[in-house]
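Report on one structure; see the data block that follows.
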Amino acid sequence: GAVVSQHPSRVICKSGTSVKIECRSLDFQATTMFWYRQFPKQSLMLMATSNEGSKATYEQGVEKDKFLINHASLTLSTLTVTSAHPEDSSFYICSAITGGYSNQPQHFGDGTRLSIL
Amino acid sequence: DQQVKQNSPSLSVQEGRISILNCDYTNSMFDYFLWYKKYPAEGPTFLISISSIKDKNEDGRFTVFLNKSAKHLSLHIVPSQPGDSAVYFCAAREHFAGGGNKLTFGTGTQLKVEL
């Protein structure tokens, strides 16, 4: 159980393109989804927290107009990187949980490798 | 400011022996700690967790120890197997007023289990 699917797994596109990444919880309802970014040989850095039906909460330094997050249902959240530039190239990973206070782990998707040329 | 630190970027252990991965943290508001395992080009996979009210949690070959006074936790894997070779991330959770929570990750330790 607790499977999170992320799509696409890899994207290569030109500078200025907008890219949408989907994160789905396949066998549970995800009240909260998280979006992370990982640079090579570094830790996972939280970008934003997304609760179903409400606006995402962004971490300090993350541009909300650049990284649009939508969590319209209990099983789907999307991250859109708008007008992507080479510096946006990174590994983006989503995770999901059910509920907020219980001691349960976040379950992660397999990530999306974004390369902007 | 790195609130969760894994000071060993890599660890090499012989098959059958014990692997000990360490993690230190600075934020006393963390109340729940987790270990994740990650293979290249995949997302992290949850391994084991521990609440801040406990000092030990065991699950099969994996045991996590928490020393709150030292703000230190460790993951023991025994016996180590070649399939355990991966990057291990320590993560710590903090709750916020209003109901939110957030995980802070360490930088990871690459474990290599040799035959």
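What you are looking at is a predicted structure, and each value in this text was computed from that prediction instead of being measured. Numbered from 1 within each chain, the chains take letters A, B, ... in sequence-line order.
At distances below 3.5 Å, not a single donor-acceptor pair connects side-chain atoms of B:Y36 with backbone N or O atoms of A:H107.
Residue with the most contacts toward chain A among B:S49, B:S51, B:G106: B:G106 (heavy-atom pairs, distance under 4.5 Å). With chain B as the partner, the residue from A:V4, A:L44, A:I93 showing the most heavy-atom pairs under 4.5 Å is A:L44.
Within a 6.0 Å radius of CD in B:Q14, no more than 12 heavy atoms belonging to other residues, nucleotides or ligands are found. Heavy atoms of other residues, nucleotides or ligands lying less than 6.0 angstrom from NZ of A:K66 number more than 12.
At a 4.5 Å heavy-atom cutoff, the contact between A:Q38 and chain B is made by side-chain atoms alone. With a threshold of 4.5 angstrom between heavy atoms, B:A91 does not approach chain A through any atom at all. Both the backbone and the side chain of B:L103 have a heavy atom closer than 4.5 Å to some heavy atom of chain A.
Cluster annotation: B:V113 is connected to B:Y88 through the hydrophobic network of ILVMFWY side chains, with a link wherever side-chain heavy atoms come within less than 4.5 Å. Following chains of ILVMFWY side-chain contacts shorter than 4.5 Å, one can reach B:F33 starting from B:F62, so the two form part of one hydrophobic cluster. In terms of hydrophobic clustering, with Ile, Leu, Val, Met, Phe, Trp and Tyr side chains grouped at heavy-atom distances under 4.5 Å, B:Y32 and B:I48 are assigned to different clusters. Hydrophobic clustering places A:I97 together with B:F89 (ILVMFWY residues linked when any side-chain heavy atoms are closer than 4.5 Å, directly or through intermediates). A:Y58 is connected to A:V19 through a chain of hydrophobic side-chain contacts under 4.5 Å among Ile, Leu, Val, Met, Phe, Trp and Tyr, so both are in one cluster.
Interatomic distance, B:E42 CD to A:F108 CZ, rounded to the nearest 0.5 Å: 13.5 Å.
Aromatic pair B:F105/A:Y36: ring centres closer than 6.0 Å.
Nearest heavy-atom pair across A:S43 and B:T107 is CB-CA, 3.9 Å.
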Check against side-chain contact (heavy atoms from CB on, under 4.5 Å), B:K102 and A:L46:
CA-CA 8 Å; B:K102 170 183 173 180; A:L46 180 65; 3.5 Å; yes
